Amino acid sequence: MRADLLSDGIDGLDEALAAVDGFDDVLVGGLLRPGPGQAGGLTGLAEAVAGTPLASRAAEAAEKTAAGAGGEDHFVALAAARTALLGSVHDALVARVDEVTGRPAAEEAAAPAAGAEHAANLHAASRSWLCDLARAGWQGIDHELVAGAAPVVSAMLPDPALRRLATLLDGFAAELAASCPGATLERVPVRRWADLWSRAMLLTLPGVARPAGVAEVSGRLLPLGVDVQEHATAVQAQVHAVFEPSDGGAARLVRASVSAPKPDTVVGAGLWQLLRPHMSLLAAVSEGRTMELDAMPVTAEGDLVWDDTRARAGEPAEVFTTARVALPAAVASAVAPVDRHPARIAVPVLVEGYAVEEDEDGTALRIAGHRLVVDVDRVPAAGPLTPEVVAASGACVGLLRWDAGEFLLQPLAVERTVRKKAVAVHAGAWAGGTADKAGVRAEKAATDSVKVLRERAGKLLRK
């Protein structure tokens with residue numbers, strides 16, 4: 001791993017992000033009547049995509065919007081320009097990661113299949129609401145404006161083809177509603193809300209949300225680790241793995257995810273009780289086994305559409321052996337243009353031969369004289385992997401991410417020496433069940449909470 005390349009600058013990166021930030025600042029005040037200070041943010045975005053197919057449309061959109069005459073098409077062009085800029089940042093960072101790891105680069109993503117527009121009226125209604133948001137700006141939102149999304153979302157949710165956009169709009173509206181009125185906000189999540197707005201705008205366009213297609217694959221799956229993402233009312237476990245096709249083709253990096261709703265009282269190891277019944281892969285992860293897949297659906301972006309009936313437990317497989325032998329040659333899957341964003345980057349890597357440094361800035365790994373920050377905040381409480389265990393390690397399998405202008409490492413598993421023996425500790429070690437005392441206590445507490453909630457729900461339903 002060429003850790004020295006992680007701190008080297010990338011040409012044009014700062015300029016692209018500055019153009020995005022300038023436009024995002026304009027959205028704070030709104031696009032209805034941009035002031036003289038906001039015009040620079042609009043012009044900067046248009047200039048950043050000069051020389052691209054978006055150049056003329058972005059320039060016109062910036063000019064009209066700065067004059068207070070921006071319409072729906074202009075706002076769509078601005079959202080497209082912003083997305084393209086962040087996509088270029090994503091591509092530059094991924095190219096750097098390929099240099100760091102020495103792994104083969106992913107192929108270009110296939111374009112979505114063409115087809116007739118579906119539910120054009122609902123897409124138009126969504127776009128109209130998003131344009132009203134942009135005109136008001138984040139400081140101008142109120143409950144009446146935000147509530148305009150509710151009927152559109154309600155009409156979309158029953159249709160599976162519209163659920164991706166509906167879920168995004170529903171979550172976005174909920175965040176905005178919790179922050180109303182915008183005029184009293186002390187801190188605005190500028191980048192996040194601009195991300196959600198621009199992504200939603202593009203998903204209202206014909207064909208953008210259409211999947212590129214799903215294939216079926218057979219072969220051996222070697223898990224690397226589990227990334228747990230928790231919300232107050234939902235939880236997701238995403239397993240990162242290397243897939244080796246049975247036809248002898250090149251190994252590739254894939255992901256398999258499972259999600260479940262949850263009460264806010266179920267936390268820590270109790271989360272696995274909600275996820276386990278939906279994915280046998282979690283048991284294989286905690287037992288250290290491979291999975292044999294038979295005609296398992298997989299998207300062009302490397303996401304397995306998990307089906308327990310198409311998988312069976314295989315032979316024992318040690319994560320660090322997989323990382324040392326199979327991971328270096330595994331090819332990453334392509335990313336669809338609309339999904340290219342720096343926040344999406346999560347590349348499995350193996351890091352060895354480092355020294356651990358701890359100071360007021362947090363935990364970092366010193367690799368051949370270069371510092372790589374460890375994102376300990378992403379280490380889940382639903383497993384035995386803790387910041388203290390990471391600090392005592394000598395090897396780490398983790399996800400290389402990029403945030404706040406630098407590369408970070410999210411540990412999935414570490415290897416440390418205990419009584420002169422190498423011992424691996426995994427974030428997902430309790431995924432399929434555990435005999436660990438701390439894990440057993442946490443699971444029992446979660447079981448008790450779920451029983452109480454079910455009893456209360458039963459009483460309410462009987463009334």
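Throughout, residue positions are numbered sequentially from 1 according to the sequence presented. Small disclaimer: the values here were computed from a predicted structure and weren't measured.
Met291 has its side chain within reach of Trp306: a pair of non-hydrogen atoms, C-beta onward, lies under 4.5 Å apart. Here the side chains of His341 and Arg199 are not in contact, with every heavy-atom distance at 4.5 Å or above. Between Leu78 and Met201, every side-chain heavy-atom pair lies at or beyond the 4.5 Å cut-off. Side-chain contact check for Pro223 versus Val319: every heavy-atom pair is 4.5 Å or farther apart. Within the 4.5 Å cutoff, the side chain of Val214 has no heavy atoms near those of the Val298 side chain. The shortest distance between side-chain heavy atoms of His426 and Leu412 does not fall below 4.5 Å. Counting heavy atoms from C-beta outward, Arg163 and Met156 have side chains that stay 4.5 Å or more apart. Under the 4.5 Å side-chain criterion, counting only non-hydrogen atoms from C-beta, Val254 is not in contact with Asp303.
Across all their heavy atoms, Gly362 and Arg371 have their closest contact at O-NH2, 4.4 Å. Taking each heavy atom of Ala251 and Val242 in turn, the nearest pair found is CB-CG1, 4.0 Å. Closest approach of Glu292 and Gly314 over heavy atoms only: CG-CA, 4.4 Å. Scanning both residues, Ala16 and Val89, for their nearest heavy atoms gives CB-CG2, 3.8 Å. For the residue pair Pro151 and Ala147, the shortest heavy atom distance occurs at CD-O, 3.6 Å. Scanning both residues, Ala424 and Glu318, for their nearest heavy atoms gives CB-OE2, 3.9 Å.
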- request: Please step through side chain to side chain contact (heavy atoms under 4.5 Å, CB included) for the pair Phe320 and Val397, ending with a clear verdict.
  value: CA-CA 7 Å; Phe320 282 90; Val397 172; 3.7 Å; yes

message: I'd like to know whether Arg289 forms a salt bridge (charged side-chain N to carboxylate O under 4.0 Å, His left out) with Glu315, so could you lay out the CA-CA distance, the side-chain angles of the two residues, the decisive distance to 0.1 Å, and finally the verdict.
response: CA-CA 6 Å; Arg289 290 186 174 275; Glu315 300 175 348; over 6 Å; no

message: Between Gln229 and Val235, is the side chain to side chain contact (heavy atoms under 4.5 Å, CB included) condition met? List the steps.
response: CA-CA 6 Å; Gln229 299 158 13; Val235 61; over 6 Å; no

Worked verdict on Arg324 versus Glu415 for salt bridge (charged side-chain N to carboxylate O under 4.0 Å, His left out): CA-CA 13 Å; Arg324 292 177 178 118; Glu415 195 174 60; 2.9 Å; yes

message: side chain to side chain contact (heavy atoms under 4.5 Å, CB included) for Leu409 and Leu399? Distances and angles first, verdict last.
response: CA-CA 6 Å; Leu409 182 68; Leu399 299 177; over 6 Å; no

From CA spacing to verdict: side chain to side chain contact (heavy atoms under 4.5 Å, CB included), Leu165, Ser126: CA-CA 9 Å; Leu165 176 59; Ser126 303; 4.1 Å; yes

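For Thr417 (side chain) and Lys421 (main-chain N/O), no donor-acceptor pair under 3.5 Å exists by modelled atom type. Within the 3.5 Å criterion, the main-chain N or O of Ser286 finds no donor-acceptor partner in the side chain of Trp430. Within the 3.5 Å criterion, the main-chain N or O of Ala317 finds no donor-acceptor partner in the side chain of Thr321.
Heavy-atom contacts from other residues, nucleotides or ligands closer than 6.0 Å to CG of Asp11 number 12 or fewer. Within a 6.0 Å sphere centred on CZ of Arg192, other residues, nucleotides and ligands contribute 12 heavy atoms or fewer. The environment of His278 atom NE2 is dense: over 12 non-hydrogen atoms of other residues, nucleotides or ligands sit within 6.0 angstrom.
When each of Gln410, Arg255, Gln236 is checked for a side chain to side chain donor-acceptor pair (under 3.5 Å) with Asp227, only Gln410 meets the rule. Applying salt bridge (Lys or Arg N to Asp or Glu O under 4.0 Å) to Arg164 and the options Asp159, Asp339, Asp170 leaves one that passes, Asp339. The side chain to side chain contact (heavy atoms under 4.5 Å, CB included) test with Val374 is passed by exactly one of Val390, Val356, Val351, Val379: Val390.
A salt bridge links Arg82 and Asp24; the closest N-O separation between the charged side-chain nitrogens and carboxylate oxygens is under 4.0 Å. In summary, Arg2 and Asp98 do not engage in a salt bridge, as defined by a charged side-chain N under 4.0 Å from a carboxylate O. Of the charged side-chain nitrogens involved, at least one lies within less than 4.0 Å of a carboxylate oxygen, so that Glu230 and Lys262 count as a salt-bridged pair. Salt-bridge annotation for Arg191 and Asp21: present, with a side-chain N of the basic residue lying under 4.0 Å from a carboxylate O of the acidic one. Comment: Arg378 does not engage Asp403 in a salt bridge, judged by the lack of any side-chain N to carboxylate O separation of less than 4.0 angstrom.
Atom CG of residue Leu372 and atom OH of residue Tyr354 lie 10.0 Å apart, to the nearest 0.5 angstrom. Distance check: Arg96 CZ to Phe407 CZ gives 7.0 Å after rounding to the nearest 0.5 Å. Here the CG atom belonging to Leu93 is positioned 13.0 Å from the CZ atom belonging to Arg340, to the nearest 0.5 angstrom. Taking OG from Ser218 and CG from Asp294, the interatomic distance works out to 4.5 Å, rounded to the nearest 0.5 Å. Taken from CG in Leu86 to OG in Ser198, the straight-line distance is 7.0 Å, to the nearest 0.5 Å. Considering OG1 of Thr167 and CG of Leu157, their distance stands at 6.0 Å, rounded to 0.5 Å.
Using a 3.5 Å distance cut-off with no hydrogens or angles, the side chains of Ser393 and Arg416 do not pair a donor with an acceptor. Side-chain atoms of Asp195 and Trp193 include no donor-acceptor pair closer than 3.5 Å. Side-chain contact of Ser333 with Glu301: a donor-acceptor pair under 3.5 Å is absent, judged by distance alone.
In this structure, Trp138 and Phe172 have perpendicular ring planes: the angle between them is above 60°, well past the 30° mark.
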